[in-house]
Number of protein chains: 2
Amino acid sequence: MASHDHPSLTVDVAILTATGGGLHALLVRRDEDPGRGRYALPGGSVGRDESLDLAAERVLAAKAGLEGVFLEQLYTFGAPDRVPRARVVTVAHYALVDEERLAGAGLLAAAGPGSGGSGDASDPAILARLRVPWLDEEGGAVGAEAPDGAAVALALDHAEILGTAVKRLRGKLDYAPIGFQLLPERFTLRRLQEVHETILGRRLNKDSFRRRMLASAQIAPTGKREEETPHRPAELYRFTRHSAV
Amino acid sequence: MASHDHPSLTVDVAILTATGGGLHALLVRRDEDPGRGRYALPGGSVGRDESLDLAAERVLAAKAGLEGVFLEQLYTFGAPDRVPRARVVTVAHYALVDEERLAGAGLLAAAGPGSGGSGDASDPAILARLRVPWLDEEGGAVGAEAPDGAAVALALDHAEILGTAVKRLRGKLDYAPIGFQLLPERFTLRRLQEVHETILGRRLNKDSFRRRMLASAQIAPTGKREEETPHRPAELYRFTRHSAV
DNA sequence: GAAATAGTGTCTTTAAGACAGTATGTG
DNA sequence: CACATACTGTCTTAAAGACACTATTTC
């Protein structure tokens, strides 16, 4: 078993945000085979002396101009036929970004010529809405559609990777402080509930949600309020880093 | 970036069982570097045209003589320094086996000379009790001790892998039909509760546990009962494969 | 019948859901 | 003042915990 028999090892990052009532992912159009013309998750090879997380961080910075965001390993995809005519195993990650940050940094850095970081930021990037065809614990591939509503063809097994990311997100939402990652530093309880509903794909009870969040000690009121609302302004909360014991 | 720069890719399998009130893992003693003399998870290289799951199944069969057991990908470990003088990324899996099956198949196949499957079943194997130093969602490395109570030195990052497996097990217990994997086909409610308590590392309320399990429709009475008990025999239940909707 | 554990019935406690009613902003 | 949404208080409902009590086996 000579060393050139080793599979290639890459990382792919599902960069997710919640906006307009739906989950969205940042996708880049591939200009090379395999998967030319299709949209794909940002990805790259794992460097010789680079940890997996670091490789994912590098991809995140280079292709979306994002740093310091929530990033976690998701699952490793290694079916022998997942890439035609090559053996490529990918360690998929997922990142969570609030919509303002992604609209500003991500799309500009990825789409603009040389505006971002280190290199291949030339691919056109889109923020695709995810169509999740299942509830709860089912899982499976998800669809994607461009801002104009057209279906987006995903490269390789990336629809499956996105489905796995959504499933993970849903599963962790109840016991990990994860919803806050999709919101700016200060947010109202309503916005937090909307994010949870977007992730879960179903409506939640307002009273119960409110009580749970306030009792969890994961959030604290800032004393400030919304401004310029056409109605009574809501209290703004912030996420507290206490592990909620 | 020549192809010989690719990291080596392996799978390691945490084979877990619940017995004697504690979680146990099957470990084999390494007779080669790296980690010679220490105990390690059974593992092996990923074949050229082999999926990750298939590689894990192969390891499970070859090193523990186990087939058809619960097996799931856990996490991929790829720190550049996790193996001295080599770059080896491992896709860790975990398997769940009931104690009878592991005592019979696993230890004999792994320890006996050529009694098992395809090859390297020569390493002495032990069933090590895991000492989990944390509760709930904390995570981290776990300790291991041999049947005689002596601490077992684990190779590489395998204490971390085992910790990740225990954490996953605890996390999935409440919403996935996973406790049954650690029991034989027919079991009493008491045994099922003991397994849950062993996994979680804490006592559970008997009445509530009973009600939850019976209401979940995940188990069904077989009509048969325990035999040769020094007290009233309990109903034997079996796991129903319904997804419990 | 004593001992041990299985299993049932019911009360209390806690969290979720429902909903009425009050508070506070804009136009 | 109309309207919209924020927030509060309370009733109902469902699940968990506690515990008394009955059932069935071995010795």
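Chain A is the first sequence line, chain B the second, and so forth, proteins listed ahead of strands; every chain is numbered from 1.
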* Considering residues at least two apart in sequence or located in another chain, which fulfil the side chain to side chain contact (heavy atoms under 4.5 Å, CB included) criterion with A/P133? -> A/V142
* To do: Using the test ring pair (Phe, Tyr, Trp, His ring centres under 6.0 Å), find all partners of A/Y39 that sit at least two apart in sequence or belong to another chain.
  => none
* Helical bend (five base pairs per end, nearest 10°) for the helix from C/dG1-D/dC27 to C/dG27-D/dC1 -> 0°
Name the pairs: protein N/O against N/O of nucleotides 7-11 of chain D, kept only if under 3.5 Å.
{"from": "D/dC7", "atom 1": "OP1", "to": "A/E235", "atom 2": "N", "distance (Å)": "3.0"}
{"from": "D/dC7", "atom 1": "OP2", "to": "A/R210", "atom 2": "NH2", "distance (Å)": "3.2"}
{"from": "D/dC7", "atom 1": "O5'", "to": "A/R210", "atom 2": "NH2", "distance (Å)": "3.0"}

* Asked: Which residue pairs pass the ring pair (Phe, Tyr, Trp, His ring centres under 6.0 Å) test when at least one of the two sits in residues 124-145 of chain B, sequence neighbours left out?
  -> none
* Asked: Can you name the residues that form a side chain to side chain contact (heavy atoms under 4.5 Å, CB included) with A/A220, not counting sequence neighbours?
  -> A/R238, A/T240
* Does A/T17 reach the main-chain N or O of A/H24 with its side chain, forming a donor-acceptor pair under 3.5 Å? -> no
Got a list of side-chain donor-acceptor pairs under 3.5 Å for residues 186-193 of chain A, not counting sequence neighbours?
{"from": "A/T188", "atom 1": "OG1", "to": "A/R191", "atom 2": "N", "distance (Å)": "3.1"}
{"from": "A/R191", "atom 1": "NH1", "to": "A/E194", "atom 2": "OE1", "distance (Å)": "3.0"}
{"from": "A/R191", "atom 1": "NH2", "to": "A/E99", "atom 2": "OE2", "distance (Å)": "3.3"}
{"from": "A/Q193", "atom 1": "NE2", "to": "A/E197", "atom 2": "OE2", "distance (Å)": "3.2"}
{"from": "A/Q193", "atom 1": "NE2", "to": "A/L204", "atom 2": "O", "distance (Å)": "3.1"}

* **All pairs passing side chain to side chain donor-acceptor pair (under 3.5 Å) where residues 228-237 of chain A contributes a residue, at least two apart** => none
* Asked: Can you check the A/N205 CG to D/dT12 P distance for me, whole Å?
  -> 17 Å
* Between B/S208 and D/dG17, does any side-chain N or O lie under 4.0 Å from OP1 or OP2? -> yes
* **Boundaries of the DNA chain C segment in contact with chain A, non-hydrogen, under 4.0 Å** => C/dA16 to C/dT26
* Please, which pairs that meet ring pair (Phe, Tyr, Trp, His ring centres under 6.0 Å) have at least one residue in residues 197-226 of chain B, sequence neighbours excluded? -> B/H196-B/F209
* Taking side chain to side chain contact (heavy atoms under 4.5 Å, CB included) as the test, write out the residues that go with A/R168, two or more places apart. => A/E72, A/L74, A/Y94, A/K172
* Structure fact -> B/H231 has its side chain closest, among D/dT25, D/dG17, D/dA6, to D/dT25
* Structure fact -> residues 173-184 of chain A vs side chain to side chain donor-acceptor pair (under 3.5 Å), sequence neighbours excluded, gives none
